Amino acid sequence: MFEGELVIFDLETTGLSPHADDIIQIAAVRMVKGLICPADTFFSYVDPGRRIPPFITQYTGITNWDVQGAPDVGSVLRSFSEYVGNATLVAHNGHRFDMPFLAASCHKKSLSVRAVPYHDSLALSWQFWGRRGFRHGLDQVLSRLNIVEANVRRHDARGDVILLAKAVEKLWEQILATQGPPQIKLYHGSLPMLAGTL
DNA sequence: GCTAGGCAGGAACCCCTCCTCCCCT
C-alpha cells in the first residue's frame, strides 16, 4: 500500500497545448495509505481570461458562464499548491499533459516554483496489463476495472478525479497482489512556492 | 471521430536520428 499521501488530480483546459492553452478547472482528492479520503478534496474553476472554444464546452460541459468571476490561474495554483502540501501528485498521462500545463501556467504568471514529486497513472496501467495489446486511456482503464459511477460526469475534473482515484486504488491493489510492489517512476514537476517559504 | 502539440519508446544502426503511436483537453 502507499506509504505516503497522494493527491490525485485532473485539469480541464482550453486545449491540448500547455503554451497556447489555459487551465479552466482543477479538481483533486487526497489518498492516504491507499485509501481515498472523499471529504478531502480540492476544486476550483479558473478564469482563463479568454473565451472557451466551443469544442471544449461541448467536450467538457464547461461554459464561459462557469468561469466568469472565477479566480485567475495564479491564485488557483497557489491554493492548489497549499492543498497538495508534501503529497505526491498523480494524474493520468500527467507526465505529458497535466504537469507540463502546471509548469507552463506557473511560468506564464512568473510564479516562483517548488519541485513536486508525481506519478503518472498511465504507468500503473502499462505495468498491470502490458503496454502492447491494450489501450490505456482512462475510459479503457475504467472499463477493464469495472468501475462505473452513475452520477459522475466524465470530462468534468470533479468527476474524472473520483474515477481516476478509484482506478488508482484498484490498480495498485491488484498489482501488489499479483506482481509485488508497483515499479512506477517518480518524476518531479512544478507548483507555486508555499506561502512563508518565499 | 473530428482539431490542436508534445514525446516516450522502438527500430535501425551503431549512440544519435527517425518514425510511429499514445494520451490528455
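All figures in this text were calculated on a predicted structure; none of them were measured in a lab.
Judged as a salt bridge (Lys or Arg N to Asp or Glu O under 4.0 Å), not a single pair has a partner in residues 175-194 of chain A (not counting sequence neighbours). Within the structure, the salt bridge (Lys or Arg N to Asp or Glu O under 4.0 Å) test picks out the following pairs touching residues 67-79 of chain A (sequence neighbours left out): A/Asp72-A/Lys109.
Non-hydrogen atoms lying under 4.0 Å from DNA chain B are contributed by A/Phe55, A/Ile56, A/Tyr59, A/Thr60, all within residues 49-60 of chain A. A heavy-atom distance below 4.0 Å to DNA chain B is reached by these residues of residues 87-109 of chain A, ordered by number: A/His92, A/Asn93, A/His95, A/Arg96, A/Phe97. Of the residues in residues 12-23 of chain A, those with a non-hydrogen atom less than 4.0 angstrom from any atom of DNA chain B are A/Glu12, A/Thr13, A/Gly15, A/Leu16, A/Ser17.
In the hydrophobic clustering of this structure, A/Phe134 groups with A/Leu142; members are Ile, Leu, Val, Met, Phe, Trp, Tyr whose side-chain heavy atoms approach within less than 4.5 Å, directly or through other members.
Across A/Ser125 and A/Arg144, no two heavy atoms sit closer than the pair OG-NH2, 3.7 Å.
In this structure, A/Ser143 has no side chain to side chain donor-acceptor pair (under 3.5 Å) partners at least two apart in sequence or on a different chain. The salt bridge (charged side-chain N to carboxylate O under 4.0 Å, His left out) test applied to A/Lys170 returns no partner, not counting sequence neighbours. Under the ring-ring contact (aromatic ring centres under 6.0 Å, His included) criterion, A/Phe55 pairs with A/Tyr59, sequence neighbours left out. Applying the side chain to side chain donor-acceptor pair (under 3.5 Å) rule to A/Asp21 yields the partners A/Thr14; only residues at least two apart in sequence or on another chain are considered. In this view, A/Asp98 satisfies the side chain to side chain donor-acceptor pair (under 3.5 Å) rule with no residue, not counting sequence neighbours. Evaluation of the ring-ring contact (aromatic ring centres under 6.0 Å, His included) rule for A/Phe80 yields A/Phe9, A/Phe42 as partners, not counting sequence neighbours.
When the P atom is compared between B/dG9 and B/dC22, the two are found 14 Å apart, to the nearest whole Å.
Within 4.0 Å of A/Ile24, counting heavy atoms only, lies no atom of the nucleic acid at all.
Surrounding CZ of A/Arg50 are more than 12 heavy atoms belonging to other residues, nucleotides or ligands, all under 6.0 Å away.
With a 3.5 Å limit on both pairing distances and Watson-Crick or G-U wobble geometry required, the stems of 3 or more pairs in DNA chain B span B:4-6 with B:23-25, B:8-11 with B:17-20.
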